[in-house]
Q: 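The structure is given below, and queries will be raised subsequently.
All values reported here derive from a predicted model rather than from experimental measurement. Just so we're on the same page: letters track the sequence lines, and every chain starts at 1.
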Amino acid sequence: MVTANTELAYNGKIEGDVIVSRSDAVINWIRSNSMWPMPMGLACCAIELMAVAASRFDIARFGAEVMRFSPRQSDVMIVSGTVTYKMASSVRRIYDQMPAPKWVIAMGACASSGGMYRSYAVLQGVDRILPVDVYVSGCPPRPEALLDALMKLQAKVRREPSTRNLLKA
Amino acid sequence: MSVQEALKSRFPQAAERASLDHPAVGVPAAELVAVLAWLRAEQGFDALADLTAVDWAEGVSPRFTVVYHLYSTARHDYIRVAADCPNDAAPEAPSVSALWAGANWHEREVFDMFGIRFSGHPDLRRILMWDGYPHHPLRKEFPLAGIEAELSDPEIAAETQVKVKPAPMAGGPFVAVEGGINLSETEPTAKDESWAEKNEKPVAADPEAPASVQVAFGDSAARAAAAEPDADRMSLSMGPSHPSTHGVLRVQMELDGEVVIKADPVVGYLHRGDEKIAENMTYNQFVPYTDRLDYLAPLANNMAYAIAVEKLAKLEVPPRCQAIRVVTAEMARISSHLMGLGAFGIDVGAWTVFLYTFTEREKLYKLFEELTGARFTTSYTRIGGVSRDVPPGWLERVDLFCKEFLPSLEETMALLTRNKIFMDRTVGIGVISKEDALAYGLTGPNLRGSGVALDLRKDRPYSGYEQYDFDVPVGTQGDCYDRYLVRGEEMRQSVRIIQQAIAKFPGGPWHAVDAPRIFLPPKEKILTSMEELIQNFMLVTEGPQMPAGEVYFEAENPKGVLGFYIVSKGGGVPWRLKIRSPSFCNLSILPKTCVGAMVADIVSILGSFDFVMGECDR
């Protein structure tokens, strides 16, 4: 007689010490839950970025509390603030120093599009010098909005063909 | 005998200058230094409050005028001295950096923005834009959108193919433009991205010369020739992305081992063109930009700007409006100092302080949000009033916050005040003498930390500050520790002011009622009455109507003295709006303070200065 399998998850008594899963699922699970930010704090949005990291909003709940000021130890650059032409080269240089895989969140209107600063000194969107994964609207965005952006980025990372990319590299 | 009469009898060529507020004189450029030196020595105008220039447009002669605002720290009054630059094509003015060391940076800024050369300046180079930028943005013929130019870093420009492009004045980057950038093409593919490191290091011409000294300071040619090649010297660039530079400041240092021999702050990484933007919009439209000057205390900036424009319009706001502004400005002061305290804590290794202060800041943000609709970019103040009255019960909640805040502040500061590590890192570090603080134009807690009891809320009360009883804390040593203590005490005094204001909160209107050409009519009237509808339309399209003239107003902001110098030719748009930012002046003393300190002390010094780059770079 065949009985229906009522085990919903991994059971060590049946499978032993082996877990079978797709490598993409495992890699993406690891990557998406330990995204270390590179806080590119440029202007006002950086204050909201600090608020996200602080006690009330607590970005640690999403595995992204390890703010690394060294680009070489970070995964996601959060460009928070106005990117001026004078600063643009430094932003790009820091992005280049981040190891792959790497992602970018453009936090706020200025980083996304120049925002209210339509002027001679301001780069009209950080996407002109580096690729952006998630844009967050707001001037500045509320902390919840940044957390939402992080969750959206995690969802994006979970869909990536990581194994194929790794083997291709 | 008034100052102007005394000045005229001493310098017969001086002429009275039209002004809406302070005494003002115009003098020939050749006599400028003599006049300023005389005002300083004989008339007690010992502080240089502000130095700027005005461009009267192409074709007008004289085209450029340099404007100086002097402040008397004993009498607490101002004088405005203006001098026309004799040559319109290649304007020049004498440097006053020998009189006030703080003039150095101001003159560099005027040179950068207007192209006015200051003869006798020790180190005249650009400060806000980068070296090699071909234009002078505040000249009237320069468009707000900008002119195409090359990026400052040729390496990055070659890699990204990005240029300085005119900003779109309509549409925007999300609107597809012909010939615009195609994102999917610029996406980097799997390629070697360590190109920046792989490039050949520049080879020193002389193999004996140390390769480490690559960065030149200021007018390097002369200095490099004079300096002895010293193998122990290192150059260290701190920032513009560094956790303890509080934003995008860069300090270029020359080291002998661990000791800083020379420090050259590089500012301008957040120069967004606020002053040029102000010349292109109405007075009311500029209010949101004042939020983003010192974005830790937007409510205080809003107030300073609104009062400056109201001085221009000769408008007094009713007592209730003044009280609302005082309460919000003092809350902003607490919020700003908390941030400074938390960041200072992180800088010297005390992470907990940051979490404690942010807990309190979130309470303040909640109150700000309830009042203004935004957490910190509030845009609350209007010319002639505020955007709305305080909601019911809000004052009680502020009062409750004050009660809860004081014990919490004690708890937070107890983590630092007698902390051995904290004291080791701050006591006796970054000492600034009274004389230096005044010469460099330091203001706010940084000045008071050096023992100078100057506070505009006491000395030139505005917005009804004279009704409140509060103390002005001062330091004794002028070191990082004193600046920390002064900020802590200022928060307690702010609580006192808020509590007094709430206890006798005035009733009545919360905006100027007899100013139809300045303050928007109430919304319900706009929809029912023709006259108010027209008023509203004119105000929104043309801006609040101002008389022609000049005003200079300074307010005591959390970071120091925030000044607005407005030149109006009448109408709703300023001809020139200069922002005298406290952080800019405070940072100008860094080259002096940092010399002789250890590298780790720089972190303490920067933390104790509590500057904000949005305001410094504007």
Q: Go through the atoms of B:Y289 and report whether side chain, backbone, both or neither lie under 4.5 Å from a heavy atom of chain A.
A: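 B:Y289 touches chain A through backbone and side-chain heavy atoms alike.
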Q: In terms of heavy-atom proximity below 4.5 Å to chain B, should A:A51 be classed as side chain, backbone, both, or neither?
A: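 Both backbone and side chain.
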Q: What residue in A:S55, A:A121, A:A43, A:A54 has the most heavy-atom pairs under 4.5 Å with chain B?
A: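 Heavy-atom pairs under 4.5 Å are most numerous for A:A43.
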Q: Heavy-atom pairs under 4.5 Å with chain B are the metric here; pick the option from A:M38, A:M67, A:M50, A:K168 that has the most.
A: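 The residue among A:M38, A:M67, A:M50, A:K168 with the greatest pair count is A:M50.
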Q: Does any heavy atom of chain A fall under 4.5 Å from the side chain of B:D294, the backbone, both, or neither of them?
A: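 Neither part.
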Q: Taking side chain as C-beta onward, heavy atoms only, is B:V287 less than 4.5 Å from B:S379?
A: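 The answer is yes; the side chains approach within 4.5 Å.
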Q: Please tell me whether B:H271 and B:Y269 form a close aromatic pair, meaning their ring centres lie under 6.0 Å apart.
A: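 That pair fails the under 6.0 Å test.
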Q: Side chain, backbone, both or neither: which part of B:P298 has a non-hydrogen atom closer than 4.5 Å to chain A?
A: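 Contact with chain A is absent: no heavy atom of B:P298 under 4.5 Å.
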Q: Using a strict 4.0 Å threshold on nitrogen-to-oxygen distance, state whether B:R272 and B:D617 make a salt bridge.
A: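 No, this pair does not count.
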Q: What residue in A:M116, A:M40, A:M87, A:R56 has the most heavy-atom pairs under 4.5 Å with chain B?
A: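 Looking at each option in turn, the highest pair count goes to A:M116.
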Q: Checking A:T82 against chain B: side chain, backbone, both or neither under 4.5 Å from a heavy atom?
A: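 For A:T82, backbone and side chain are both near chain B.
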Q: Tell me, please, whether A:Y120 has B:K276 positioned over its six-membered ring: NZ or CZ under 6.0 Å from the ring centre and within 45 degrees of its axis?
A: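 Negative - B:K276 is either too far from the ring of A:Y120 or too far off its axis.
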Q: Does NZ belonging to B:K140 count more than 12 external heavy atoms closer than 6.0 Å?
A: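 Yes, NZ of B:K140 has more than 12 neighbouring heavy atoms, counting only those of other groups under 6.0 Å.
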Q: In plain terms, say whether A:R93 and B:E155 are close enough for a salt bridge, that is, a side-chain N and a carboxylate O under 4.0 Å apart.
A: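 Judged by the 4.0 Å cut-off on N to carboxylate O distance, A:R93 and B:E155 do form a salt bridge.
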Q: Among B:S241, B:A343, B:G614, B:A374, which residue has the highest count of heavy-atom pairs closer than 4.5 Å to chain A?
A: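 Going by pairs under 4.5 Å, I would pick B:S241.
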Q: Measuring heavy-atom distances to chain B, does A:Y85 have an atom under 4.5 Å in its side chain, in its backbone, in both, or in neither?
A: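 Both backbone and side chain.
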Q: Between B:D153, B:T377, B:V164, B:N280, which shows the greatest number of heavy-atom pairs under 4.5 Å with chain A?
A: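 Among the listed options, the one with the most contacts to chain A is B:V164.
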Q: Name the region of B:L128, side chain, backbone, both or neither, that has any atom closer than 4.5 Å to a heavy atom of chain A.
A: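 Only the backbone of B:L128 comes within 4.5 Å of chain A.
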Q: For B:L151, which atoms come within 4.5 Å of any heavy atom of chain A: side chain, backbone, both, or neither?
A: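 The answer is the side chain of B:L151.
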Q: Do B:N301 and B:D291 get their side chains close enough for a donor-acceptor pair, meaning under 3.5 Å?
A: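 Looking only at side-chain atoms, B:D291 and B:N301 do not form any donor-acceptor pair under 3.5 Å.
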Q: Can B:D131 and B:R126 be counted as an ion pair, charged N to O under 4.0 angstrom?
A: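 No, no charged N to carboxylate O under 4.0 Å.
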Q: Using non-hydrogen atoms and a 4.5 Å limit, figure out which bit of B:E150 sits close to chain A: side chain, backbone, both or neither.
A: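 Nothing of B:E150, per the 4.5 Å heavy-atom cut-off to chain A.
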Q: Would you say the rings of B:H136 and B:F114 are close, in the sense that their centroids are separated by under 6.0 Å?
A: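 No: the rings miss the under 6.0 Å criterion.
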Q: Counting only non-hydrogen atoms closer than 4.5 Å, does B:L355 touch chain A with its backbone (N, CA, C, O), its side chain (CB onward), both, or neither?
A: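 Contact with chain A: backbone and side chain both.
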Q: Checking heavy atoms, do the side chain of B:R375, its backbone, both or neither come under 4.5 Å from chain A?
A: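 Answer is side chain: those atoms of B:R375 sit under 4.5 Å from chain A.
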Q: State whether a side-chain donor-acceptor pair under 3.5 Å links A:Q73 with A:S70.
A: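 No - no donor-acceptor pair under 3.5 Å links their side chains.
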Q: Heavy-atom distances under 4.5 Å only: say whether A:I47 touches chain B with side chain, backbone, both or neither.
A: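 Looking at A:I47, backbone and side chain both touch chain B.
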Q: Please check if the distance between the ring centroids of B:F376 and B:Y365 is under 6.0 Å.
A: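 Yes: the rings meet the under 6.0 Å criterion.
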Q: Under 4.5 Å heavy-atom distance to chain A, tell me which part of B:M339 shows up: side chain, backbone, both or neither.
A: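 It is the side chain, since no backbone atom gets that close.
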